[in-house]
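Note that these values count all heavy atoms, side chains included, but never hydrogens, waters or copies made by symmetry. By convention in this document, chain letters (A, B, ...) are assigned in the order of the sequence lines, proteins followed by strands, and residues within each chain are numbered from 1.
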Amino acid sequence: MRFTSMLIPTLRETPSEATAVSHKLMLRAGYVRQLAAGLYVYLPLGWRVLTKINGILREEMDAIGAQEVSMPVLQPSEPWELTGRWSDIKEEMFRLKDRGGRDMCLGMTHEEIMTWLAAREIHSYRQMPQIWYQIQTKLRDEARPKSGVLRTREFLMKDSYSFDISQEGLEKSYKLHADAYHRIFSRCGLRFWQVQSDTGMMGGAAAHEFMAPSPSGEDDIVLCPKCGYSANVEIAGSTPPAVQSENAPFEDVHTPEKRTVEEVSRFLKKKPGNFIKSILVMAESGPVLALVRGDQQLHEKKLQRITGPFRPAHKDEVRDTLGVEAGFIGPIGHKVRIIADPVLREGDYISGANRKDYHTQGVRAGAHFQAEWQDIHAAQAGDMCPECGSPVSMEKAIEIGNIFQLGTKYSAPLNAVFLDESGSERPIIMGSYGIGPARIAAAAIEQNHDKDGIIWPESIAPFDVEIIPVSMENREIVELADKLHSELSGMGLDVLVDDRDERAGVKFKDADLIGIPRHIVIGEKNLKDGFIELKDRRTRQSERLRPEKVLARSREK
RNA sequence: CGGGGCGUAGCGCAGUCUGGUAGCGCGCACGGUUCGGGACCGUGAAGUCGAAGGUUCAAAUCCUUUCGCCCCGACCA
């Protein structure tokens with residue numbers, strides 16, 4: 001491919017709206033353009049990368065016996081009504097009516113439609129297991145599209161669905177996917193972790209996410225370097241390090257105008273870990289008082305799994321419910337539901353005294369208050385691993401894939417049933433599995449770049465080699481570039497020749513930006529001696545070689 | 001949805017406070033010189049100043065409304 005016949009609009013300056021590294025580089029190097037918030041055009045280079053990623057996805061999905069299909073993006077409401085998601089999902093679903101006034105939506109995922117198909121076509125245990133997948137556009141009216149292609153309103157997703165006759169079968173399909181995902185992400189050149197994750201509204205028994213560490217990631221993951229425990233912070237267990245117990249007498253202390261743990265701890269010269277942080281929230285069932293240690297944070301997702309949806313209490317609600325203003329509330333003497341983090345079981349603490357300008361010290365669980373004990377704190381670096389007790393670390397990560405054991409959450413309401421060997425009717429046991437190709441591309445850039453641009457892993461680079469004829473005036477150079485171009489292409493390599501009539505510096509800068517892993521530089525001086533240069537984008541090391549040698553070496557690959 | 005920021009030429013920005021002929025750099029076009037890490041000189045094209053309404057002799061600038069984009073948070077099936 002010739003540079004001059006391809007649209008590669010590189011930018012010298014970074015458009016101001018970009019903050020994530022991958023976003024900046026994709027814009028500058030001419031891979032994508034933004035149409036509107038969360039809507040991106042993939043330019044030729046960008047599309048080539050996605051095509052390569054999708055190729056890997058197809059190979060690995062096919063290898064586990066999955067079959068590719070294609071489902072409509074435009075869907076009728078009925079299957080969604082049957083599973084309850086038509087009403088469970090709110091503004092995030094794009095909805096419309098057709099000319100007949102029928103409710104329709106744009107697919108944000110395809111459990112309903114895949115299950116609809118299974119309900120029609122799978123009748124017997126003899127037909128299973130099945131795995132169906134597609135690489136299809138999804139639409140979600142995201143509350144906040146962000147970070148370039150990392151969170152968009154329209155995006156490509158490889159989604160697959162397994163259909164089994166039993167939980168054991170599901171676990172097998174699940175394992176097949178997990179293994180395939182490891183191969184996929186490894187082949188794409190990513191550093192990644194498989195972590196335990198929340199099943200969310202997908203429901204079901206088990207779920208894992210595949211996470212590529214990156215500062216641009218939206219998720220926090222907890223990792224134990226010792227035993228390999230890894231989990232999304234949304235569900236990660238951890239034991240906060242023990243704090244020295246004060247053995248303080250049980251009594252109120254005057255703390256005028258000191259409300260937050262930080263203020264009171266500084267005022268009393270005690271560590272935040274010696275405090276109980278009391279947070280009142282309003283759940284649908286009523287007020288709930290959540291307690292965590294002062295140096296810990298309440299994790300709202302964890303609490304929500306226990307109480308259902310909630311919101312923080314307003315100031316007047318705190319007063320009405322607990323009889324004291326926010327800042328001085330504590331767990332003692334209330335009849336509201338109290339949920340406390342287990343770390344508070346032991347030791348004595350300082351909490352709000354339930355009267356203005358006072359805190360109580362020497363507060364002990366059991367003796368002074370009762371609570372439901374539930375893990376509701378957010379794990380933080382330095383906490384102890386729930387499996388082996390060593391300190392855990394935290395990383396920001398991009399969710400590049402997920403796998404869910406769904407069970408019968410979709411098959412039951414959509415009546416996707418089969419007859420088992422004994423002739424009795426049972427719901428199909430399902431799993432669902434997703435990968436975002438654009439996120440793979442973005443994560444690859446986040447993990448592989450330098451100050452000059454992208455450094456693509458070979459497997460997903462838009463081209464294998466870029467040939468850089470340093471001058472287009474020199475006939476010999478141009479002829480050799482053409483010759484290498486056609487011979488390397490003939491060997492099955494994807495080759496880009498920068499045949500622009502630009503100065504060498506411009507070509508070098510753009511080549512570094514675009515990030516093709518190998519560059520062949522053809523310059524006058526070297527060519528006079530019969531040499532060209534083969535340059536590695538990552539290491540920047542350059543070798544002087546005879547042109548034939550380059551061909552021979554490429555043939556080996 | 002809450003908080004913050006920004007909309008001026010393709011891109012990056014100045015001009016807005018204090019109203020008075022719309023600017024700079026890059027890019028683009030043409031001519032010339034140059035040619036191994038984003039060259040230089042000259043000439044030139046290109047802007048309903050996001051939109052609508054208002055105030056004013058006069059609005060990019062002041063007022064009102066509105067749309068869009070980005071960031072933080074909430075949300076993320």
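Going from the P atom of B:rU64 to that of B:rG27 covers 41 Å, rounded to whole Å. Separation of the C1' atoms belonging to B:rG10 and B:rG47 is 12 Å when rounded to the nearest angstrom. Taking the C1' atom of each, B:rU16 and B:rG20 are spaced 14 Å apart, rounded to whole Å. Comparing B:rC57 with B:rC1, their P atoms sit 40 Å apart, to the nearest whole Å. Nucleotides B:rC75 and B:rA14, compared at atom C1', are 38 Å apart to the nearest Å. Distance noted for atom P between B:rU33 and B:rC70: 47 Å (whole Å). With both ends at atom P, the span from B:rA22 to B:rC28 equals 28 Å, rounded to whole Å. A gap of 28 Å separates the P atoms of B:rG25 and B:rG19, to the nearest Å.
Across B:rC72, B:rG38, B:rA74, the shortest atom-to-atom separation from the side chain of A:K146 is found for B:rC72. When distances run from any side-chain atom of A:R12 to the nucleotides B:rC72, B:rG36, B:rG27, the shortest one goes to B:rG27. Of the candidate nucleotides B:rG36, B:rC71, B:rC75, B:rC71 has the atom lying nearest to any side-chain atom of A:R144. Considering only the side chain of A:T19, B:rC71 comes nearest among B:rG36, B:rC71, B:rA39. Considering only the side chain of A:V521, B:rG36 comes nearest among B:rA39, B:rC69, B:rG36.
Scanning both residues, A:H519 and A:D512, for their nearest heavy atoms gives CE1-OD1, 3.7 Å.
Pair assignment for B:rU48 gives none, since no Watson-Crick or G-U wobble pairing has each distance under 3.5 Å. Nucleotide B:rG23 forms a Watson-Crick or G-U wobble pair with B:rC13, both donor-acceptor distances falling under 3.5 Å. In this structure, B:rA29 forms a base pair with B:rU43, meeting either the Watson-Crick or the G-U wobble geometry with both donor-acceptor distances under 3.5 Å. In a base pair of the Watson-Crick type (N1 to N3 plus N6-O4 or O6-N4) or a G-U wobble (N1-O2 and O6-N3), with each distance short of 3.5 Å, B:rC62 is matched with B:rG54. Base pairing analysis places B:rG68 opposite B:rC6; the two distances defining the Watson-Crick or G-U wobble pair are each below 3.5 Å.
A:D375 and A:R305 are not joined by a salt bridge, as no carboxylate oxygen comes within less than 4.0 angstrom of a charged side-chain nitrogen. Salt bridge A:E154/A:R140: absent, no basic N to carboxylate O contact under 4.0 Å.
Between B:rG36 and A:R503, no contact under 4.0 Å exists linking OP1 or OP2 to a side-chain N or O.
Counting any heavy atom pair closer than 4.0 Å across all strands shown, A:R28 reaches a base atom. Nucleic acid contact for A:A36: sugar-phosphate only, since backbone atoms but no base atoms lie under 4.0 Å from a heavy atom of the residue. At a threshold of 4.0 angstrom between heavy atoms, the contacts of A:T83 with the nucleic acid are absent. At a threshold of 4.0 angstrom between heavy atoms, the contacts of A:A504 are confined to the sugar-phosphate backbone, with no base atom among them. Within the nucleic acid shown, A:E399 has no heavy atom closer than 4.0 Å to any nucleic acid atom. At a threshold of 4.0 angstrom between heavy atoms, the contacts of A:D501 with the nucleic acid are absent. Residue contacts shown for A:R140 are limited to sugar-phosphate atoms, with no base heavy atom under 4.0 Å away. Residue-level contact check: A:E91 touches neither bases nor backbone, having no heavy atom under 4.0 Å from any strand.
A distance of 12.0 Å separates CE in A:M6 from CG in A:D498, rounded to the nearest 0.5 Å. Within the model, atoms CD1 of A:I398 and CD of A:E209 stand 13.0 Å from one another, a figure rounded to the nearest 0.5 Å. Note that the CD1 atom of A:I135 and the NZ atom of A:K158 stand 8.5 Å from one another [nearest 0.5 Å].
Put simply, NZ on A:K525 is 11 Å from C1' on B:rC35, counting in whole angstrom units. Computed from coordinates, the A:D498 CG to B:rG38 P distance equals 15 Å when rounded to whole Å. Whole-Å rounding puts the A:I520 CD1 to B:rG36 P distance at 20 Å. Atom-to-atom, CG of A:N526 to C1' of B:rG36 comes out at 10 Å; the value is rounded to the nearest Å. For A:K509 and B:rG36, the NZ to P distance is 15 Å, given to the nearest whole Å. Taking atom CD on A:E234 and atom C1' on B:rC75, their separation rounds to 11 Å, with Å as the unit.
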Encode nucleotides 5-13 of chain B as B, S and - characters from 5' to 3', where the letter depends on protein heavy atoms closer than 4.0 Å: B to the base, S only to sugar-phosphate, - to neither.
------BSS

Hey, mind stepping through A:S162 and A:Y433 against side-chain hydrogen bond (donor to acceptor under 3.5 Å, both in side chains) and telling me if it holds?
CA-CA 8 Å; A:S162 64; A:Y433 317 88; 2.7 Å; yes

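Under a cutoff of 6.0 Å and an axis angle of 45°, A:R546 and A:F531 form a cation-pi pair.
By the side-chain hydrogen bond (donor to acceptor under 3.5 Å, both in side chains) test, A:E171 pairs with A:Q167, sequence neighbours left out.
Aromatic ring centroids of A:F163 and A:W132 lie under 6.0 Å apart.
Place A:A143 and A:R500 on RNA chain B by their nearest nucleotides, and A:R500 ends up nearer the 5' end. Both A:D510 and A:L35 lie near RNA chain B, and the one whose nearest nucleotide falls closer to the 5' end is A:D510.
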